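The structure appears below as structure tokens.
Just so it is clear, the structure is predicted and the values come from calculations on it, not from any experiment.
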Amino acid sequence: MASRDVFEDALERLERIGKEAGIDPQVIAALQQPRAVLTASVPLRMHDGSTRYVTAYRCRYNDALGPTKGGIRFHPDVTRSEVQALALWMTLKCAVVGIPYGGAKGGAAVDPKELTPMELERLSRGYMRAMADFVGPEIDIPAPDVYTNARIMGWMADEYETIHRVKAPGVITGKPIALGGSLGRDEATGRGAYLVIRRYAERTGMDPTKTRVAIQGFGNAGYHVARLLQQDGYLIVAASDSKGAIYSPAGFDPESLQQRKLESRNLEGVYCAGSVCELVEHQRITNEELLELDVDLLVPAALEGVIHEGNAPRIRAKTIAEVANGPIESSADEILHDRGIVVLPDVLVNAGGVTVSYFEWVQNRQGLAWTLAEVRNRLETIMNDAFDAMWNDIDEHRTARAAAYAVALRRIETAVLSGGDAAFFSNGGGH
Ligand code: NAD
């Protein structure tokens with residue numbers, strides 16, 4: 001579990017890396033707090049007629065590079081601090097891949113698995129009612145995150161359009177295709193991560209067929225990255241969800257795992273139901289054990305703070321690709337670096353999601369619908385360019401994370417300084 005405040009941790013890392021990279025201290029200071037945060041209590045009428053009040057947040061962190069962008073998370077552990085940290089990382093992420101967005105994030109402290117479909121729809125609409133003047137296609141554009149999906153984005157888009165009496169598909173991304181969603185959005189985060197790992201393998205000579213991979217968090221992002229890696233010959237030896245982990249040195253087939261997970265709703269169902277896991281010898285382990293497995297590539301794809309100074313000395317993977325946001329606390333950065341473990345950072349690795357969200361927004365605003373091949377090709381170009389910009393900035397002192405932050409911070413610095421006082425002092429849209 002995370003051992004310190006996630007936002008404080010994110011700020012400390014930002015300050016340290018920003019200073020090392022020679023970024024203007026005024027720019028770092030401007031990034032030390034969010035521009036605007038809206039907290040709301042969303043009334044939720046339950047199926048038995050009672051009313052619950054759900055605390056919801058939306059944070060527009062910094063809009064120097066464009067309207068702010070970031071997902072909405074429905075999870076019982078959502079806090080203002082977490083939302084702010086995620087919004088800061090979104091600011092850096094959009095800058096790393098060079099798309100014209102600032103960073104934002106939203107969340108509601110609720111366990112959506114406890115809600116009926118009708119309650120979930122009411123909550124999603126209630127969230128958007130609370131935020132309807134705070135978001136907008138040219139102000140702040142939400143998207144899915146942990147435990148939210150295309151269906152929820154569709155309800156939210158509909159609610160926004162009902163309130164404002166306009167058709168505004170560009171207000172939210174990750175929508176169902178029928179409502180203006182983009183082809184390729186569902187796989188985008190996993191595909192982006194796969195493209196980064198592939199580029200890294202090309203640059204370092206990492207041989208896919210000799211690379212054993214453990215995936216923590218076999219959700220949307222984790223599944224797609226596992227599927228694409230396996231197609232290139234990587235061996236997926238472990239996977240987990242919130243209920244536990246499975247490990248097999250012989251390797252799993254991600255497609256079969258996903259199929260079983262969809263049928264039984266968690267990986268645990270895979271252990272004993274007639275699945276591929278019965279065809280290969282496998283062991284049941286904990287999520288903590290998965291992180292410490294003797295593998296070549298570790299892919300944390302669940303929640304933040306899972307690797308910290310407590311377990312960093314026991315991590316045996318040679319490379320970690322951060323598909324989740326913030327899975328490694330800053331206190332572990334140096335320990336991992338000193339032990340020669342390469343960390344491919346979240347702000348690059350999981351940026352495929354926001355990149356295809358950006359494509360969706362561009363298509364919505366132009367009234368176009370791109371083909372899947374078009375989306376994938378454009379994603380590949382952006383991810384490869386971003387990887388190269390980061391890689392060219394690494395030296396013996398600078399980790400991949402520090403290099404990616406430096407690339408992002410220089411772009412934000414240029415925008416902030418070009419904007420002059422307005423960029424320092426504007427409140428990003430009037431709230
Ligand atoms: P998801 O809800 O589809 O999947 C999350 C997975 O994590 C589920 O399988 C869940 O069972 C598992 N999980 C939850 N708690 C866990 C725990 N304590 N230990 C192990 N596993 C646990 O979510 P997702 O969209 O795949 O997001 C996963 C991560 O990727 C998050 O950090 C998210 O912020 C990040 N991310 C997602 C996107 C996106 O477009 N979906 C984009 C960028 C970053």
Side-chain angles (χ1 to χ4, degrees), residues 1-21 23 25 28-29 31-34 61 73 75 77-93 96 103 105 146 214-217 240 286-295 297-350 390 393-409:
M1 280 306 290
S3 55
R4 59 172 303 192
D5 180 81
V6 59
F7 184 51
E8 274 175 31
D9 198 54
L11 288 181
E12 199 177 287
R13 186 185 261 155
L14 170 80
E15 199 169 357
R16 175 168 44 80
I17 298 178
K19 213 180 252 178
E20 281 163 14
I23 302 299
I28 298 298
L31 288 171
Q32 289 284 332
Q33 58 283 308
Y61 201 89
R73 177 175 294 197
H75 192 281
D77 298 339
V78 162
T79 60
R80 181 180 166 123
S81 167
E82 181 188 66
V83 170
Q84 291 184 176
L86 288 161
L88 165 58
W89 294 329
M90 283 305 299
T91 307
L92 298 169
K93 191 182 304 180
V96 167
K105 202 77 183 189
V146 174
I215 311 265
Q216 194 210 27
S240 73
T286 64
N287 263 293
E288 289 70 31
E289 286 166 339
L290 178 144
L291 295 171
E292 296 172 22
L293 283 175
D294 181 14
V295 291
L297 176 64
L298 174 63
V299 180
L303 298 172
E304 56 269 12
V306 295
I307 299 173
H308 39 78
E309 57 187 343
N311 62 2
R314 296 194 299 274
I315 302 290
R316 286 185 283 172
K318 297 181 186 70
T319 306
I320 303 175
E322 294 185 313
V323 169
N325 284 303
I328 301 179
E329 285 190 359
S330 68
S331 59
D333 282 354
E334 209 169 302
I335 302 172
L336 297 172
H337 182 59
D338 289 347
R339 296 186 56 227
I341 298 170
V342 175
V343 176
L344 298 171
D346 50 3
V347 290
L348 171 68
V349 172
N350 69 31
M390 174 193 78
D393 227 79
I394 294 180
D395 60 30
E396 70 269 29
H397 307 296
R398 193 172 270 172
T399 61
R401 187 192 312 285
Y405 270 48
V407 169
L409 289 170

For residues [X] and [Y], report the shortest heavy-atom separation together with the two atoms involved.
| X | Y | answer |
| --- | --- | --- |
| I28 | G18 | CD1-CA, 3.7 Å |
| A317 | I341 | O-CG1, 3.4 Å |
| A21 | R398 | CA-NH2, 3.6 Å |
| P300 | I320 | CD-CG2, 3.7 Å |
| I394 | A403 | CG1-CB, 3.7 Å |
| V306 | L291 | O-CD1, 3.6 Å |

With distance as the sole test, does [X] use its side chain to make a donor-acceptor pair with the main-chain N or O of [Y] at under 3.5 Å?
| X | Y | value |
| --- | --- | --- |
| D393 | Y405 | no |
| S81 | F7 | yes |
| D9 | S330 | yes |
| Y61 | L31 | yes |

- Please step through side chain to side chain contact (heavy atoms under 4.5 Å, CB included) for the pair L14 and L409, ending with a clear verdict. CA-CA 9 Å; L14 170 80; L409 289 170; 3.8 Å; yes

I need the [X] [atom1] to [Y] [atom2] distance, nearest 0.5 Å.
| X | Y | atom1 | atom2 | answer |
| --- | --- | --- | --- | --- |
| K93 | L86 | NZ | CG | 8.0 Å |
| T286 | E292 | OG1 | CD | 8.0 Å |
| H75 | L303 | NE2 | CG | 5.0 Å |
| E309 | L336 | CD | CG | 11.5 Å |
| I315 | L293 | CD1 | CG | 9.5 Å |
| H308 | I328 | NE2 | CD1 | 11.0 Å |

- Task: With side chain to side chain contact (heavy atoms under 4.5 Å, CB included) as the test, would you mind laying out the steps for Q32 and E15 before giving the verdict?
- Result: CA-CA 8 Å; Q32 289 284 332; E15 199 169 357; 3.8 Å; yes

- Going through the checks in order, is the side chain to side chain contact (heavy atoms under 4.5 Å, CB included) test met by I307 and L298? CA-CA 11 Å; I307 299 173; L298 174 63; 4.0 Å; yes

- Query: Which residues satisfy the salt bridge (charged side-chain N to carboxylate O under 4.0 Å, His left out) test with D333, sequence neighbours excluded?
  - Reply: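 For D333 the salt bridge (charged side-chain N to carboxylate O under 4.0 Å, His left out) partners, ignoring immediate neighbours, are R13, R16, R401.
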
- State plainly whether the residues E304 and K105 are in salt-bridge range, i.e. N to O under 4.0 Å. no

- Within a strict 4.5 Å, meaning less than it, do heavy atoms of the E8 and L11 side chains meet?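 No, every pair of side-chain atoms sits at 4.5 Å or beyond.
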
- Message: In the structure I gave you, are the side-chain heavy atoms of I335 and R339 within less than 4.5 Å of one another anywhere?
- Response: yes

- Item | Residues N287, Q216; criterion side chain to side chain contact (heavy atoms under 4.5 Å, CB included); working and verdict | CA-CA 7 Å; N287 263 293; Q216 194 210 27; 3.2 Å; yes

- Message: Please identify which of these residues, V299, L344, D346, meets the side chain to side chain contact (heavy atoms under 4.5 Å, CB included) condition with V323.
- Response: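 Only one of V299, L344, D346 forms a side chain to side chain contact (heavy atoms under 4.5 Å, CB included) with V323, namely V299.
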
- Should we count CD of E334 as having more than 12 external heavy atoms under 6.0 Å?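 At most 12 heavy atoms, drawn from other residues, nucleotides or ligands, come within 6.0 Å of this atom.
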
